[in-house]
Amino acid sequence: MKMEFQGLTYEVMGEGIPIVFLHGLYLDRESTMFFFEPQVRFNGFKRIYIDLPGMGSSIATPSASVNSIFDSLKNFIVSIVGQKKFILFGHSYGAYMAQALAHHFQSQVLSLFMTCPVIYADKDRRIIGKHINISEEKISTDKNKEYFYDFKKMNVVLNQKSWQDYQNLIIPGLKKANKNFLSQLQDDSYSLSFENDLHHLNSKTAVCILVGRHDQVVGYEQQLKLIELSESAEGALVNKAGHNLMIDQPGLVSFYFEKMLESLTKAQLTSN
C-alpha cells in the first residue's frame with residue numbers, strides 16, 4: 001500500500017516486525033522493493049520501502065542538507081514505527097542514513113543490514129576499489145540506450161539479465177530524482193554532524209555488511225573494519241561485484257538477508 005508522511009512517500013507490505021528499507025542516492029524505493037520482494041521469504045515481517053527526500057515521489061526537504069534528511073527520517077520512524085523494535089536495511093547513501101538511525105534508535109534496532117555503505121561522506125576520505133567489467137555475452141540494448149554507459153561504469157558483471165535488472169532497479173529512480181536538490185546536497189552538506197560517532201551502536205544490534213571488491217564509489221576496506229568493532233557483526237567481501245552489488249551478485253545478497261531474518265526469528269522464538 002502506497003502512503004505519504006510529511007512529504008515522504010512509502011509503501012508497506014506484510015505484517016510483523018518492521019523492516020525499513022533505505023535506497024541509494026538518486027534511486028527510489030523500487031530499487032529495494034523490486035529486488036527483495038521476489039527473492040526473499042518475509043514470513044512475519046512488515047516491509048516499509050521509503051523514497052528518500054528529493055528522490056522517487058518524495059519531495060525535497062526545505063534545506064538540502066543531510067541533517068535535514070536525517071530529521072525527516074527520524075520523525076518518520078517515531079510516527080510510523082513508534083516504539084516497536086525494527087530492522088534497518090540501507091544501500092550506499094541509504095546505508096549512511098541507516099547507520100545514523102541505528103545510532104539514534106539504539107534500544108529499538110534489532111539488526112542493521114547494509115550493502116556498499118557510505119562510511120565517509122567526504123569522497124577524499126574514502127579508500128575505493130578498482131572497477132572492472134566482466135562481459136559474459138553480447139547485450140541487446142533496444143531500450144534505454146542512453147543509460148548503457150552508466151550501466152557499464154557501475155556494474156561489474158555484464159550480461160542480458162544484469163542489464164535488465166539495471167533497467168528495472170536503477171533507471172526509474174534516476175529519471176525521477178530531483179537532480180538540483182541532490183547536486184546541492186552533495187556539494188554543500190553531505191556529511192552528518194555526528195559522522196564520527198556512527199559506529200557506536202547497541203552491542204546487541206546485529207550488523208551485516210556486504211561489499212563488492214570492485215566498488216569504485218565507496219570501496220570495501222573501511223567498511224570491513226566496522227565488523228571488528230562488534231562481536232554481533234558479520235560481513236562478506238564479494239568477488240565479481242561492484243557498487244551495484246545487488247545486480248552483480250543478487251543470490252549472495254538475498255542469502256545473507258534471509259540468514260539475518262532466520263536468526264532474528266529464532267531469537268524471537270527463544271525469548272518468547
Side-chain angles (χ1 to χ4, degrees), residues 1-13 18-36 47-82 86 88-105 114-124 126 144 146-147 150 154 166-195 198 217-218 243-244 246:
M1 182 183 298
K2 182 179 175 182
M3 293 182 260
E4 186 269 340
F5 172 80
Q6 295 183 356
L8 289 177
T9 299
Y10 65 103
E11 202 155 343
V12 178
M13 296 184 178
I19 310 174
V20 177
F21 291 85
L22 305 177
H23 58 76
L25 207 63
Y26 286 88
L27 303 182
D28 68 356
R29 69 183 186 280
E30 292 182 358
S31 66
T32 51
M33 183 171 63
F34 288 173
F35 175 82
F36 283 105
R47 290 88 70 198
I48 304 172
Y49 297 96
I50 303 175
D51 280 342
L52 295 176
M55 289 166 268
S57 300
S58 292
I59 63 173
T61 52
S63 170
S65 73
V66 73
N67 288 305
S68 294
I69 292 174
F70 172 65
D71 287 340
S72 176
L73 292 173
K74 187 170 58 176
N75 293 337
F76 178 91
I77 297 295
V78 169
S79 298
I80 304 304
V81 177
F86 66 102
L88 281 163
F89 167 84
H91 172 73
S92 189
Y93 170 79
Y96 187 66
M97 302 310 299
Q99 291 172 76
L101 292 170
H103 174 75
H104 183 81
F105 295 99
M114 299 184 286
T115 53
C116 309
V118 169
I119 303 301
Y120 297 112
D122 183 352
K123 293 181 180 179
D124 291 336
R126 300 177 186 176
N144 297 307
E146 66 273 26
Y147 292 96
D150 185 73
M154 295 301 296
Y166 179 87
Q167 293 178 86
N168 293 338
L169 303 180
I170 307 298
I171 292 178
L174 295 179
K175 289 181 175 179
K176 298 174 191 172
N178 183 333
K179 294 177 177 58
N180 289 334
F181 172 78
L182 296 178
S183 178
Q184 186 179 347
L185 172 69
Q186 290 178 290
D187 290 343
D188 300 335
S189 309
Y190 197 161
S191 299
L192 282 161
S193 57
F194 54 97
E195 180 180 85
L198 291 182
V217 178
V218 300
H243 196 62
N244 284 347
M246 291 187 287

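Basis for what follows: all heavy atoms, side chains included, without hydrogens, waters or symmetry-related copies.
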Enquirer: At what distance, to the nearest 0.5 angstrom, does CD of E30 lie from CD1 of I171?
Expert: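 Those atoms lie 12.0 Å apart.
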Enquirer: Rounded to the nearest 0.5 Å, how far does CZ of F21 lie from CG of D51?
Expert: 14.0 Å
Enquirer: Distance from S58 atom OG to I69 atom CD1, nearest 0.5 Å?
Expert: 10.5 Å
Enquirer: Verify, without hydrogens or angle tests, whether S183 (side chain) and K179 (backbone) share a donor-acceptor contact under 3.5 angstrom.
Expert: no
Enquirer: Any side-chain heavy atom of F70 sitting closer than 4.5 Å to one from L101?
Expert: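 F70 vs L101: side chains touch.
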Enquirer: Tell me which pairs pass side chain to side chain donor-acceptor pair (under 3.5 Å) where either residue lies in residues 166-176, with sequence neighbours left out.
Expert: D28-K176, N144-Q167, D150-Y166, Q164-N168
Enquirer: In Å, rounded to the nearest 0.5 Å, how long is the span from CE of M55 to OH of Y26?
Expert: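 M55 atom CE to Y26 atom OH measures 9.0 Å (nearest 0.5 Å).
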Enquirer: So, the side chain of Y10 versus the backbone of V20: is there a donor-acceptor pair under 3.5 Å, distance only?
Expert: no
Enquirer: Looking at side-chain heavy atoms only, is the closest gap between Y93 and L185 below 4.5 Å?
Expert: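 Y93 reaches L185 side chain to side chain.
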Enquirer: Between Y190 and E195, is any side-chain donor less than 3.5 angstrom from a side-chain acceptor?
Expert: no
Enquirer: Just checking, is any N or O donor in the side chain of T115 or H91 under 3.5 Å from an acceptor N or O on the other one?
Expert: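 Yes, H91 and T115 have a side-chain donor paired with an acceptor closer than 3.5 Å.
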Enquirer: Indicate the atoms forming the closest heavy-atom contact of S92 with H243, along with that distance.
Expert: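 It is OG-NE2, 2.9 Å.
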Enquirer: Rounded to the nearest 0.5 Å, what separates atom CG in L22 from atom CG in L73?
Expert: 6.0 Å
Enquirer: Quick one: does S72's side chain get under 4.5 Å of F5's, heavy atoms only?
Expert: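 When only atoms from C-beta onward are counted, F5 and S72 do not touch, as no gap falls below 4.5 Å.
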Enquirer: So which atom in L192 and which in Y96 form the shortest heavy-atom distance, rounded to 0.1 Å?
Expert: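 Reported closest heavy-atom pair: N-OH, 2.9 Å.
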Enquirer: Any side-chain heavy atom of M3 sitting closer than 4.5 Å to one from I80?
Expert: no
Enquirer: Among residues at least two apart in sequence or on other chains, which ones pass side chain to side chain contact (heavy atoms under 4.5 Å, CB included) with D122?
Expert: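 Once residues adjacent in sequence are excluded, the partners of D122 under the side chain to side chain contact (heavy atoms under 4.5 Å, CB included) criterion are D124, R125.
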Enquirer: Do you know the tightest heavy-atom contact between S63 and F181?
Expert: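 The answer is O-CE1, 3.9 Å.
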Enquirer: Are side-chain heavy atoms of T61 and D71 found at a separation under 4.5 Å?
Expert: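 T61 does not reach D71 side chain to side chain.
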Enquirer: Quick one, I77 and F86 - any side-chain contact, counting heavy atoms below 4.5 Å?
Expert: yes
Enquirer: Taking all non-hydrogen atoms of both residues into account, name the closest pair between S191 and A121 and its distance.
Expert: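 The pair with the smallest heavy-atom distance is OG-CB, 3.3 Å.
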Enquirer: Please step through side chain to side chain contact (heavy atoms under 4.5 Å, CB included) for the pair Q99 and L88, ending with a clear verdict.
Expert: CA-CA 9 Å; Q99 291 172 76; L88 281 163; over 6 Å; no
Enquirer: Calculate, to the nearest 0.5 Å, the distance between atoms CG and CG belonging to N178 and L52 respectively.
Expert: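 So the CG of N178 and the CG of L52 are separated by 13.0 Å.
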Enquirer: Okay, side chain of S31, backbone of H23: is any donor-acceptor separation there less than 3.5 Å?
Expert: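 Pair absent, no side-chain N/O of S31 close to backbone of H23.
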Enquirer: Taking the side chain as every heavy atom from C-beta outward, state whether P53 and L8 have any atom pair closer than 4.5 Å.
Expert: yes
Enquirer: Evaluate side chain to side chain contact (heavy atoms under 4.5 Å, CB included) for I119 paired with R126, printing each intermediate quantity in order.
Expert: CA-CA 8 Å; I119 303 301; R126 300 177 186 176; over 6 Å; no
Enquirer: Starting from the C-alpha separation in whole Å, work towards a yes-or-no answer on side chain to side chain contact (heavy atoms under 4.5 Å, CB included) for Y147 and I170.
Expert: CA-CA 10 Å; Y147 292 96; I170 307 298; over 6 Å; no
Enquirer: Is the F89 to F35 ring centre distance short of 6.0 Å?
Expert: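 Ring centroids of F89 and F35 are no less than 6.0 Å from each other.
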Enquirer: Assess the residue pair I48 and I19 against the criterion (side chain to side chain contact (heavy atoms under 4.5 Å, CB included)); give the C-alpha distance rounded to whole Å, side-chain angles, the decisive distance to 0.1 Å, and a yes or no.
Expert: CA-CA 6 Å; I48 304 172; I19 310 174; over 6 Å; no
Enquirer: Is F105 close to K74 at the side-chain level, that is, under 4.5 Å between some pair of heavy atoms?
Expert: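 When only atoms from C-beta onward are counted, F105 and K74 do touch, with a gap below 4.5 Å.
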Enquirer: So if I apply the side chain to side chain donor-acceptor pair (under 3.5 Å) rule between E11 and each of R29, R47, K2, which one comes out positive?
Expert: R29
